[in-house]
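Both ligands and their constituent atoms are indexed starting at 1 by order of listing. Please read these numbers as outputs of a predicted model, since none were measured by experiment. Sequential numbering from 1 along the given sequence is applied to the chain's residues.
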Amino acid sequence: MKIAMVGSGYVGLVSGACFADFGHEVVCIDKDETKIQRLLHGMMPIYEPGLAELVESNVASKRLSFTTDLAEGIAGAQAIFIAVGTPSRRGDGHADLSYVYAVAQEVGEHLSNDAVIVTKSTVPVGTGDEVERIIGACNPAHRFSVVSNPEFLREGAAIGDFKRPDRIVIGAEDDFGRDVMREVYRPLFLNESPILFVSRRSSELTKYAANAFLAVKITFINEMADLCEKVGGNVQDVARGIGLDNRIGSKFLHAGPGYGGSCFPKDTLALLKTAEDYDSPVRIVEAVVKVNDARKRAMGRKVVDALGGVEEARGKRVAMLGLTFKPNTDDMRDSPSIAIAQTLADAGVSVAAYDPEGMEQARPLMPDVEMKQDPYAAIEGADAVVLVTEWDAFRALDLARIKAIAKAPVLVDLRNVYKPEHVREAGFTYLSIGRGTSVKEKSRDGELAAVPA
Ligand SMILES: NC(=O)c1ccc[n+]([C@@H]2O[C@H](COP(=O)([O-])OP(=O)(O)OC[C@H]3O[C@@H](n4cnc5c(N)ncnc54)[C@H](O)[C@@H]3O)[C@@H](O)[C@H]2O)c1
(Lines give C-alpha, C1' and ligand atoms only; values in the text may rest on other atoms or scores of the structure.)
Protein backbone atom coordinates (compact mmCIF):
# COMPACT_ATOMS: atom_id res chain seq x y z
CA MET A 1 0.00 0.00 0.00
CA LYS A 2 1.19 3.53 -0.70
CA ILE A 3 1.05 5.86 2.29
CA ALA A 4 1.70 9.62 2.36
CA MET A 5 2.77 11.22 5.63
CA VAL A 6 2.27 14.98 5.66
CA GLY A 7 4.53 16.48 8.33
CA SER A 8 7.88 14.82 9.00
CA GLY A 9 8.55 15.83 12.61
CA TYR A 10 8.83 13.54 15.65
CA VAL A 11 5.57 11.74 14.89
CA GLY A 12 5.51 11.88 11.08
CA LEU A 13 9.07 10.72 10.58
CA VAL A 14 8.88 7.89 13.12
CA SER A 15 5.47 6.72 11.87
CA GLY A 16 6.56 6.98 8.23
CA ALA A 17 9.76 5.02 8.83
CA CYS A 18 7.89 2.33 10.80
CA PHE A 19 5.14 1.97 8.18
CA ALA A 20 7.88 1.57 5.55
CA ASP A 21 9.50 -1.06 7.75
CA PHE A 22 6.15 -2.91 7.82
CA GLY A 23 6.50 -3.16 4.02
CA HIS A 24 4.37 -0.21 2.88
CA GLU A 25 5.63 2.33 0.35
CA VAL A 26 5.84 5.62 2.24
CA VAL A 27 6.45 9.19 1.14
CA CYS A 28 7.19 11.64 3.94
CA ILE A 29 6.25 15.18 3.03
CA ASP A 30 7.25 18.39 4.79
CA LYS A 31 7.12 22.03 3.81
CA ASP A 32 10.39 22.64 5.65
CA GLU A 33 12.95 22.52 2.82
CA THR A 34 15.92 22.24 5.17
CA LYS A 35 14.40 19.26 6.95
CA ILE A 36 13.71 17.43 3.69
CA GLN A 37 17.17 18.28 2.32
CA ARG A 38 18.77 16.87 5.47
CA LEU A 39 16.68 13.72 5.22
CA LEU A 40 17.58 13.29 1.55
CA HIS A 41 21.24 13.45 2.62
CA GLY A 42 20.74 10.83 5.32
CA MET A 43 20.81 13.30 8.23
CA MET A 44 18.20 13.09 10.99
CA PRO A 45 16.49 16.38 11.89
CA ILE A 46 15.75 15.05 15.40
CA TYR A 47 17.41 12.79 17.94
CA GLU A 48 15.49 9.57 18.47
CA PRO A 49 17.27 6.29 19.30
CA GLY A 50 17.30 3.85 16.38
CA LEU A 51 15.66 6.26 13.93
CA ALA A 52 18.69 6.93 11.72
CA GLU A 53 19.23 3.20 11.09
CA LEU A 54 15.54 2.58 10.43
CA VAL A 55 15.35 5.46 7.94
CA GLU A 56 18.57 4.41 6.23
CA SER A 57 17.53 0.81 5.70
CA ASN A 58 14.09 1.70 4.39
CA VAL A 59 15.43 4.38 2.06
CA ALA A 60 17.95 1.83 0.77
CA SER A 61 15.15 -0.66 0.06
CA LYS A 62 13.24 2.14 -1.71
CA ARG A 63 10.20 1.93 0.54
CA LEU A 64 10.78 5.35 2.10
CA SER A 65 11.24 8.66 0.30
CA PHE A 66 11.00 12.37 1.07
CA THR A 67 9.61 15.39 -0.73
CA THR A 68 8.40 18.94 -0.18
CA ASP A 69 5.87 18.55 -3.00
CA LEU A 70 2.53 17.53 -1.50
CA ALA A 71 0.74 16.94 -4.83
CA GLU A 72 3.48 14.59 -5.98
CA GLY A 73 3.74 12.90 -2.56
CA ILE A 74 0.04 12.07 -2.19
CA ALA A 75 -0.45 10.87 -5.78
CA GLY A 76 -1.51 7.22 -5.66
CA ALA A 77 -1.56 7.09 -1.83
CA GLN A 78 -4.54 5.21 -0.38
CA ALA A 79 -3.86 6.61 3.08
CA ILE A 80 -2.80 10.23 3.57
CA PHE A 81 -1.74 10.94 7.15
CA ILE A 82 -1.73 14.43 8.62
CA ALA A 83 1.04 14.61 11.25
CA VAL A 84 1.71 18.35 11.49
CA GLY A 85 2.04 20.27 14.74
CA THR A 86 -0.93 21.42 16.85
CA PRO A 87 0.76 23.78 19.33
CA SER A 88 -1.08 25.89 21.86
CA ARG A 89 -2.63 28.92 20.20
CA ARG A 90 -1.12 32.10 21.59
CA GLY A 91 -3.32 33.80 24.11
CA ASP A 92 -6.05 31.25 24.77
CA GLY A 93 -4.40 27.81 24.99
CA HIS A 94 -6.70 26.32 22.34
CA ALA A 95 -4.98 23.91 19.93
CA ASP A 96 -3.76 25.86 16.90
CA LEU A 97 -5.32 23.94 14.02
CA SER A 98 -4.10 26.21 11.23
CA TYR A 99 -1.42 23.71 10.11
CA VAL A 100 -3.92 20.83 10.03
CA TYR A 101 -6.47 22.85 8.08
CA ALA A 102 -3.81 24.12 5.65
CA VAL A 103 -2.90 20.50 4.87
CA ALA A 104 -6.58 19.56 4.48
CA GLN A 105 -7.01 22.39 1.98
CA GLU A 106 -3.94 21.33 -0.01
CA VAL A 107 -4.99 17.67 0.03
CA GLY A 108 -8.48 18.66 -1.17
CA GLU A 109 -7.00 20.64 -4.03
CA HIS A 110 -4.64 17.88 -5.17
CA LEU A 111 -6.48 14.64 -4.46
CA SER A 112 -5.93 12.51 -7.56
CA ASN A 113 -7.36 9.15 -6.44
CA ASP A 114 -9.68 7.64 -3.82
CA ALA A 115 -8.03 8.00 -0.41
CA VAL A 116 -8.51 7.94 3.34
CA ILE A 117 -7.25 11.08 5.08
CA VAL A 118 -6.02 10.18 8.55
CA THR A 119 -5.50 12.74 11.29
CA LYS A 120 -2.57 11.55 13.39
CA SER A 121 -1.94 14.97 14.88
CA THR A 122 -3.53 15.44 18.31
CA VAL A 123 -6.66 17.45 17.54
CA PRO A 124 -9.72 18.53 19.54
CA VAL A 125 -13.07 16.83 19.15
CA GLY A 126 -14.76 17.89 15.95
CA THR A 127 -11.58 18.61 13.97
CA GLY A 128 -12.23 15.59 11.73
CA ASP A 129 -15.62 17.09 10.81
CA GLU A 130 -13.92 20.33 9.76
CA VAL A 131 -11.18 18.50 7.81
CA GLU A 132 -13.96 16.64 5.97
CA ARG A 133 -15.78 19.91 5.26
CA ILE A 134 -12.61 21.62 3.94
CA ILE A 135 -11.73 18.75 1.62
CA GLY A 136 -15.34 18.40 0.48
CA ALA A 137 -15.49 22.12 -0.31
CA CYS A 138 -12.66 21.60 -2.82
CA ASN A 139 -15.04 19.32 -4.77
CA PRO A 140 -12.52 16.52 -5.35
CA ALA A 141 -13.43 14.14 -8.16
CA HIS A 142 -12.51 11.18 -5.95
CA ARG A 143 -13.97 9.36 -2.97
CA PHE A 144 -12.47 10.24 0.39
CA SER A 145 -13.04 9.42 4.03
CA VAL A 146 -11.62 11.25 7.06
CA VAL A 147 -10.38 9.07 9.92
CA SER A 148 -8.86 9.84 13.31
CA ASN A 149 -5.87 7.77 14.43
CA PRO A 150 -4.13 9.45 17.39
CA GLU A 151 -0.54 8.59 18.15
CA PHE A 152 0.56 7.40 21.58
CA LEU A 153 4.31 6.99 21.03
CA ARG A 154 6.75 8.39 23.59
CA GLU A 155 9.76 10.34 22.43
CA GLY A 156 12.91 8.45 23.35
CA ALA A 157 11.16 5.09 22.91
CA ALA A 158 9.19 6.02 19.81
CA ILE A 159 10.09 3.18 17.48
CA GLY A 160 9.37 0.44 20.04
CA ASP A 161 6.12 2.15 20.98
CA PHE A 162 5.02 2.44 17.36
CA LYS A 163 5.88 -1.14 16.49
CA ARG A 164 4.54 -2.68 19.69
CA PRO A 165 1.72 -0.39 20.77
CA ASP A 166 -0.50 -1.12 23.77
CA ARG A 167 -3.38 -0.34 21.43
CA ILE A 168 -4.25 1.36 18.16
CA VAL A 169 -7.27 3.63 18.23
CA ILE A 170 -9.11 4.30 15.00
CA GLY A 171 -12.07 6.62 14.71
CA ALA A 172 -13.84 5.99 11.42
CA GLU A 173 -17.33 6.77 10.22
CA ASP A 174 -17.55 4.41 7.23
CA ASP A 175 -16.36 1.05 5.89
CA PHE A 176 -13.99 2.63 3.38
CA GLY A 177 -12.09 4.30 6.25
CA ARG A 178 -12.11 1.18 8.42
CA ASP A 179 -10.99 -1.14 5.58
CA VAL A 180 -8.05 1.02 4.54
CA MET A 181 -6.93 1.44 8.16
CA ARG A 182 -7.13 -2.31 8.71
CA GLU A 183 -4.78 -2.72 5.74
CA VAL A 184 -2.42 0.00 7.02
CA TYR A 185 -2.07 -1.74 10.39
CA ARG A 186 -2.30 -5.32 9.13
CA PRO A 187 1.26 -6.17 10.31
CA LEU A 188 0.32 -5.11 13.84
CA PHE A 189 -3.00 -6.87 13.56
CA LEU A 190 -1.04 -10.05 12.92
CA ASN A 191 1.07 -9.21 15.99
CA GLU A 192 -2.17 -9.13 17.95
CA SER A 193 -1.88 -5.48 18.98
CA PRO A 194 -5.41 -4.52 20.03
CA ILE A 195 -7.08 -2.31 17.43
CA LEU A 196 -10.04 -0.34 18.68
CA PHE A 197 -12.53 0.90 16.11
CA VAL A 198 -14.60 3.74 17.53
CA SER A 199 -16.36 6.87 16.30
CA ARG A 200 -14.19 9.72 15.07
CA ARG A 201 -15.13 11.96 17.99
CA SER A 202 -14.44 9.25 20.58
CA SER A 203 -11.05 8.68 19.02
CA GLU A 204 -10.17 12.38 19.09
CA LEU A 205 -11.17 12.63 22.74
CA THR A 206 -9.35 9.41 23.69
CA LYS A 207 -5.97 11.00 22.99
CA TYR A 208 -6.69 13.99 25.23
CA ALA A 209 -8.18 11.79 27.94
CA ALA A 210 -5.05 9.58 27.91
CA ASN A 211 -2.62 12.49 28.18
CA ALA A 212 -4.70 14.28 30.81
CA PHE A 213 -4.93 11.12 32.90
CA LEU A 214 -1.16 10.61 32.79
CA ALA A 215 -0.62 14.27 33.69
CA VAL A 216 -2.94 13.73 36.68
CA LYS A 217 -0.88 10.75 37.80
CA ILE A 218 2.41 12.66 37.60
CA THR A 219 0.98 15.68 39.39
CA PHE A 220 -0.59 13.49 42.07
CA ILE A 221 2.72 11.86 42.95
CA ASN A 222 4.48 15.23 42.83
CA GLU A 223 2.09 16.57 45.45
CA MET A 224 2.59 13.41 47.52
CA ALA A 225 6.34 14.11 47.27
CA ASP A 226 5.83 17.59 48.72
CA LEU A 227 3.82 16.08 51.54
CA CYS A 228 6.52 13.44 52.12
CA GLU A 229 9.08 16.22 52.55
CA LYS A 230 6.89 17.80 55.22
CA VAL A 231 6.04 14.62 57.12
CA GLY A 232 9.34 12.82 56.67
CA GLY A 233 8.13 10.13 54.30
CA ASN A 234 9.85 8.74 51.22
CA VAL A 235 7.86 9.26 48.02
CA GLN A 236 9.63 6.39 46.28
CA ASP A 237 8.34 4.01 48.93
CA VAL A 238 4.86 5.53 48.71
CA ALA A 239 4.90 5.23 44.91
CA ARG A 240 5.94 1.60 45.16
CA GLY A 241 3.34 0.94 47.78
CA ILE A 242 0.52 2.27 45.64
CA GLY A 243 1.96 1.24 42.28
CA LEU A 244 1.96 -2.45 43.15
CA ASP A 245 -1.82 -2.20 43.33
CA ASN A 246 -2.87 -3.30 39.84
CA ARG A 247 -5.74 -0.86 39.86
CA ILE A 248 -3.19 1.96 40.08
CA GLY A 249 -0.09 0.63 38.30
CA SER A 250 3.51 1.68 38.83
CA LYS A 251 4.07 3.83 35.74
CA PHE A 252 4.04 7.63 35.82
CA LEU A 253 4.57 7.65 39.56
CA HIS A 254 8.06 9.15 39.53
CA ALA A 255 8.15 12.41 41.43
CA GLY A 256 10.06 15.16 39.66
CA PRO A 257 10.13 18.80 38.64
CA GLY A 258 6.76 18.71 36.85
CA TYR A 259 5.72 17.39 33.45
CA GLY A 260 6.86 19.11 30.27
CA GLY A 261 7.38 18.17 26.65
CA SER A 262 5.53 18.66 23.43
CA CYS A 263 2.30 16.96 24.51
CA PHE A 264 1.09 17.11 28.13
CA PRO A 265 1.28 20.89 28.65
CA LYS A 266 -0.48 21.81 25.41
CA ASP A 267 -2.91 18.88 25.42
CA THR A 268 -4.14 19.48 28.97
CA LEU A 269 -4.71 23.14 28.09
CA ALA A 270 -6.54 22.23 24.88
CA LEU A 271 -8.76 19.80 26.81
CA LEU A 272 -9.69 22.61 29.20
CA LYS A 273 -10.67 24.74 26.22
CA THR A 274 -12.84 21.97 24.76
CA ALA A 275 -14.47 21.46 28.17
CA GLU A 276 -15.14 25.21 28.37
CA ASP A 277 -16.56 25.34 24.83
CA TYR A 278 -18.95 22.50 25.65
CA ASP A 279 -19.75 23.85 29.13
CA SER A 280 -18.58 20.60 30.75
CA PRO A 281 -15.76 21.46 33.17
CA VAL A 282 -12.91 19.04 33.86
CA ARG A 283 -11.88 20.46 37.23
CA ILE A 284 -9.31 17.81 38.04
CA VAL A 285 -7.38 18.73 34.91
CA GLU A 286 -7.76 22.44 35.71
CA ALA A 287 -6.09 21.83 39.07
CA VAL A 288 -3.35 19.72 37.49
CA VAL A 289 -2.44 22.46 35.01
CA LYS A 290 -2.18 25.06 37.79
CA VAL A 291 -0.21 22.81 40.16
CA ASN A 292 2.23 21.80 37.44
CA ASP A 293 2.86 25.37 36.27
CA ALA A 294 3.57 26.50 39.81
CA ARG A 295 5.83 23.51 40.43
CA LYS A 296 8.37 24.35 37.74
CA ARG A 297 9.20 27.72 39.29
CA ALA A 298 9.05 26.17 42.76
CA MET A 299 11.90 23.90 41.66
CA GLY A 300 13.92 27.02 40.80
CA ARG A 301 13.20 28.34 44.30
CA LYS A 302 14.28 25.01 45.79
CA VAL A 303 17.68 25.56 44.16
CA VAL A 304 17.81 29.14 45.44
CA ASP A 305 17.12 27.78 48.94
CA ALA A 306 19.94 25.25 48.50
CA LEU A 307 22.22 28.20 47.74
CA GLY A 308 21.34 29.71 51.11
CA GLY A 309 18.21 31.69 50.24
CA VAL A 310 17.47 34.78 48.14
CA GLU A 311 20.10 37.05 49.74
CA GLU A 312 22.92 34.51 49.58
CA ALA A 313 22.09 33.17 46.11
CA ARG A 314 22.64 36.43 44.19
CA GLY A 315 25.91 36.26 42.23
CA LYS A 316 26.29 32.50 42.74
CA ARG A 317 26.65 29.93 40.00
CA VAL A 318 24.67 26.76 39.30
CA ALA A 319 25.44 23.81 37.03
CA MET A 320 22.34 22.37 35.37
CA LEU A 321 22.69 18.76 34.23
CA GLY A 322 20.06 17.93 31.65
CA LEU A 323 17.80 20.37 29.84
CA THR A 324 15.38 18.27 27.78
CA PHE A 325 12.01 17.41 29.34
CA LYS A 326 13.08 13.78 29.57
CA PRO A 327 16.09 11.66 28.52
CA ASN A 328 16.71 10.24 25.04
CA THR A 329 15.24 13.14 23.14
CA ASP A 330 16.43 16.56 22.03
CA ASP A 331 12.93 18.00 22.47
CA MET A 332 12.96 21.13 24.64
CA ARG A 333 9.30 22.08 24.28
CA ASP A 334 7.94 23.19 27.67
CA SER A 335 10.81 21.53 29.52
CA PRO A 336 10.87 22.35 33.27
CA SER A 337 14.52 23.41 32.77
CA ILE A 338 13.29 26.59 31.04
CA ALA A 339 11.30 27.79 34.07
CA ILE A 340 14.05 26.70 36.45
CA ALA A 341 16.72 28.62 34.49
CA GLN A 342 14.44 31.67 34.40
CA THR A 343 13.79 31.54 38.15
CA LEU A 344 17.53 31.31 38.79
CA ALA A 345 18.24 34.22 36.43
CA ASP A 346 15.56 36.27 38.22
CA ALA A 347 17.35 35.54 41.50
CA GLY A 348 20.67 36.77 40.08
CA VAL A 349 22.15 33.28 39.78
CA SER A 350 24.26 32.44 36.72
CA VAL A 351 23.81 29.04 35.07
CA ALA A 352 26.12 26.74 33.12
CA ALA A 353 24.51 23.66 31.59
CA TYR A 354 25.17 20.42 29.82
CA ASP A 355 22.73 18.14 28.02
CA PRO A 356 23.76 15.19 25.82
CA GLU A 357 21.36 16.05 22.96
CA GLY A 358 19.29 19.11 23.80
CA MET A 359 21.71 22.04 23.84
CA GLU A 360 21.17 23.12 20.24
CA GLN A 361 17.42 23.40 20.78
CA ALA A 362 17.89 24.88 24.25
CA ARG A 363 20.22 27.72 23.25
CA PRO A 364 17.58 30.10 21.81
CA LEU A 365 15.21 29.35 24.72
CA MET A 366 17.75 30.23 27.42
CA PRO A 367 20.21 32.72 25.91
CA ASP A 368 21.80 33.59 29.28
CA VAL A 369 22.73 29.99 30.07
CA GLU A 370 26.31 28.97 29.18
CA MET A 371 26.28 25.64 27.33
CA LYS A 372 29.25 23.40 28.13
CA GLN A 373 30.72 20.41 26.31
CA ASP A 374 30.47 17.94 29.21
CA PRO A 375 28.98 17.73 32.71
CA TYR A 376 32.26 18.45 34.50
CA ALA A 377 32.87 21.62 32.47
CA ALA A 378 29.44 22.83 33.62
CA ILE A 379 30.18 21.89 37.24
CA GLU A 380 33.56 23.67 37.41
CA GLY A 381 33.27 26.47 39.98
CA ALA A 382 29.55 25.84 40.66
CA ASP A 383 27.96 26.61 44.03
CA ALA A 384 25.37 23.89 43.40
CA VAL A 385 24.78 21.11 40.88
CA VAL A 386 21.17 20.56 39.80
CA LEU A 387 20.19 17.33 38.07
CA VAL A 388 17.17 18.22 35.93
CA THR A 389 16.93 15.36 33.42
CA GLU A 390 17.76 11.74 34.27
CA TRP A 391 20.02 10.95 31.31
CA ASP A 392 21.94 7.69 31.88
CA ALA A 393 25.17 9.70 31.57
CA PHE A 394 24.34 11.39 34.90
CA ARG A 395 23.63 8.22 36.85
CA ALA A 396 27.24 7.45 37.59
CA LEU A 397 28.90 10.83 37.92
CA ASP A 398 32.27 10.85 39.67
CA LEU A 399 31.30 12.46 42.99
CA ALA A 400 34.92 12.84 44.14
CA ARG A 401 35.74 14.70 40.93
CA ILE A 402 32.69 16.92 41.32
CA LYS A 403 33.68 17.73 44.87
CA ALA A 404 37.15 18.68 43.71
CA ILE A 405 36.06 21.05 40.92
CA ALA A 406 32.82 22.54 42.28
CA LYS A 407 32.99 25.55 44.55
CA ALA A 408 30.61 23.90 47.01
CA PRO A 409 29.46 20.27 47.28
CA VAL A 410 25.73 20.81 46.93
CA LEU A 411 23.66 18.43 44.78
CA VAL A 412 19.98 19.06 44.05
CA ASP A 413 18.62 15.92 42.44
CA LEU A 414 15.23 16.74 40.90
CA ARG A 415 14.83 13.18 39.57
CA ASN A 416 15.77 11.11 42.63
CA VAL A 417 18.53 9.40 40.66
CA TYR A 418 20.97 9.15 43.53
CA LYS A 419 20.86 7.28 46.81
CA PRO A 420 20.85 9.92 49.54
CA GLU A 421 23.23 8.04 51.80
CA HIS A 422 25.72 7.50 48.96
CA VAL A 423 25.89 11.20 48.09
CA ARG A 424 26.00 12.34 51.69
CA GLU A 425 28.79 9.88 52.48
CA ALA A 426 30.75 11.56 49.67
CA GLY A 427 30.47 14.79 51.65
CA PHE A 428 27.67 16.51 49.78
CA THR A 429 24.67 18.44 50.93
CA TYR A 430 22.00 16.52 49.04
CA LEU A 431 18.45 17.55 48.26
CA SER A 432 16.06 15.43 46.27
CA ILE A 433 12.32 15.22 45.69
CA GLY A 434 10.03 13.94 48.40
CA ARG A 435 12.53 11.92 50.31
CA GLY A 436 12.09 13.43 53.72
CA THR A 437 14.49 16.32 53.34
CA SER A 438 13.06 18.45 56.12
CA VAL A 439 13.20 15.81 58.85
CA LYS A 440 15.24 12.70 59.55
CA GLU A 441 14.80 10.22 56.78
CA LYS A 442 14.99 6.50 56.89
CA SER A 443 17.20 5.34 54.06
CA ARG A 444 16.47 2.28 51.94
CA ASP A 445 18.97 0.17 53.91
CA GLY A 446 17.21 1.09 57.11
CA GLU A 447 19.90 3.47 58.36
CA LEU A 448 18.91 6.79 59.81
CA ALA A 449 20.62 9.64 58.01
CA ALA A 450 20.71 13.17 59.36
CA VAL A 451 19.42 15.39 56.61
CA PRO A 452 19.80 19.13 56.18
CA ALA A 453 16.56 21.04 56.51
N1 LIG B 1 6.02 14.49 19.79
C2 LIG B 1 5.34 13.52 20.35
O3 LIG B 1 5.86 12.77 21.20
C4 LIG B 1 3.89 13.27 20.00
C5 LIG B 1 3.27 12.10 20.43
C6 LIG B 1 1.94 11.88 20.08
C7 LIG B 1 1.26 12.82 19.34
N8 LIG B 1 1.88 13.98 18.93
C9 LIG B 1 1.12 14.91 18.11
O10 LIG B 1 1.53 14.77 16.75
C11 LIG B 1 1.51 16.02 16.07
C12 LIG B 1 2.88 16.32 15.50
O13 LIG B 1 3.79 16.49 16.57
P14 LIG B 1 5.37 16.52 16.34
O15 LIG B 1 5.98 16.51 17.67
O16 LIG B 1 5.74 15.48 15.34
O17 LIG B 1 5.51 17.97 15.66
P18 LIG B 1 6.79 18.59 14.92
O19 LIG B 1 6.70 20.05 15.13
O20 LIG B 1 8.02 17.85 15.31
O21 LIG B 1 6.53 18.26 13.37
C22 LIG B 1 5.54 18.84 12.61
C23 LIG B 1 6.05 18.94 11.17
O24 LIG B 1 4.99 19.34 10.31
C25 LIG B 1 5.53 20.18 9.30
N26 LIG B 1 4.45 20.94 8.66
C27 LIG B 1 3.72 21.95 9.17
N28 LIG B 1 2.82 22.39 8.25
C29 LIG B 1 2.99 21.63 7.14
C30 LIG B 1 2.37 21.58 5.87
N31 LIG B 1 1.37 22.42 5.54
N32 LIG B 1 2.80 20.67 4.97
C33 LIG B 1 3.81 19.83 5.27
N34 LIG B 1 4.42 19.81 6.47
C35 LIG B 1 4.03 20.69 7.39
C36 LIG B 1 6.55 21.01 10.06
O37 LIG B 1 7.48 21.61 9.17
C38 LIG B 1 7.16 19.98 11.00
O39 LIG B 1 8.29 19.37 10.42
C40 LIG B 1 1.03 17.04 17.13
O41 LIG B 1 -0.34 17.20 17.00
C42 LIG B 1 1.38 16.37 18.43
O43 LIG B 1 0.55 16.79 19.48
C44 LIG B 1 3.19 14.21 19.24
Side-chain angles (χ1 to χ4, degrees), residues 4-18 27-39 44-49 51 66-74 80-89 94-110 117-124 127-128 131 134 148-162 165-169 203-204 206-212 214-215 259-271 324-335 361:
M5 186 65 64
V6 188
S8 307
Y10 285 87
V11 166
L13 187 54
V14 169
S15 312
C18 288
V27 182
C28 282
I29 303 158
D30 205 289
K31 64 172 186 186
D32 182 337
E33 296 256 359
T34 319
K35 193 171 271 188
I36 293 299
Q37 275 312 317
R38 289 185 73 171
L39 284 164
M44 290 305 104
I46 54 167
Y47 173 74
E48 179 62 43
L51 185 62
F66 304 99
T67 182
T68 52
D69 186 336
L70 183 134
E72 177 197 302
I74 66 168
I80 303 169
F81 282 80
I82 303 178
V84 297
T86 49
S88 278
R89 194 162 68 190
H94 204 287
D96 179 351
L97 296 171
S98 56
Y99 303 99
V100 171
Y101 293 154
V103 174
Q105 179 70 32
E106 240 192 297
V107 167
E109 286 166 7
H110 294 104
I117 291 85
V118 191
T119 312
K120 195 163 251 321
S121 299
T122 302
V123 294
T127 304
V131 167
I134 292 171
S148 157
N149 170 219
E151 183 49 57
F152 298 99
L153 61 77
R154 295 162 301 164
E155 286 175 15
I159 293 168
D161 284 354
F162 195 91
D166 290 338
R167 80 303 203 186
I168 297 153
V169 175
S203 169
E204 289 167 337
T206 300
K207 174 66 188 173
Y208 284 98
N211 275 359
L214 294 173
Y259 62 77
S262 64
C263 292
F264 289 0
K266 78 171 175 65
D267 293 347
T268 45
L269 274 186
L271 181 62
T324 50
F325 78 101
K326 68 172 177 183
N328 299 323
T329 181
D330 58 352
D331 202 337
M332 278 297 298
R333 287 176 280 187
D334 274 311
S335 175
Q361 296 212 19

Donor-acceptor side-chain pairing of D69 and T67 below 3.5 angstrom: no
Got a sec, which residues hit ring pair (Phe, Tyr, Trp, His ring centres under 6.0 Å) with F162, two or more places apart in sequence or on another chain? F19
Does Y10 offer a backbone N or O that forms a donor-acceptor pair with the side chain of E155 under 3.5 Å? no
For Y99, look at atom OH and say whether over 12 heavy atoms of other residues, nucleotides or ligands are found less than 6.0 Å away. no
Do side-chain atoms of E151 reach the backbone of S121 as a donor and acceptor pair under 3.5 angstrom? no
What is the minimum heavy-atom distance between T268 and A212, and which atoms define it? CG2-CA, 4.2 Å
What residues sit with at least one heavy atom under 4.0 Å from ligand 1? V6, G7, G9, Y10, V11, D30, K31, D32, K35, A83, V84, G85, T86, Y99, V103, S121, T122, E151, L153, E155, K207, S262, C263, K266, R333
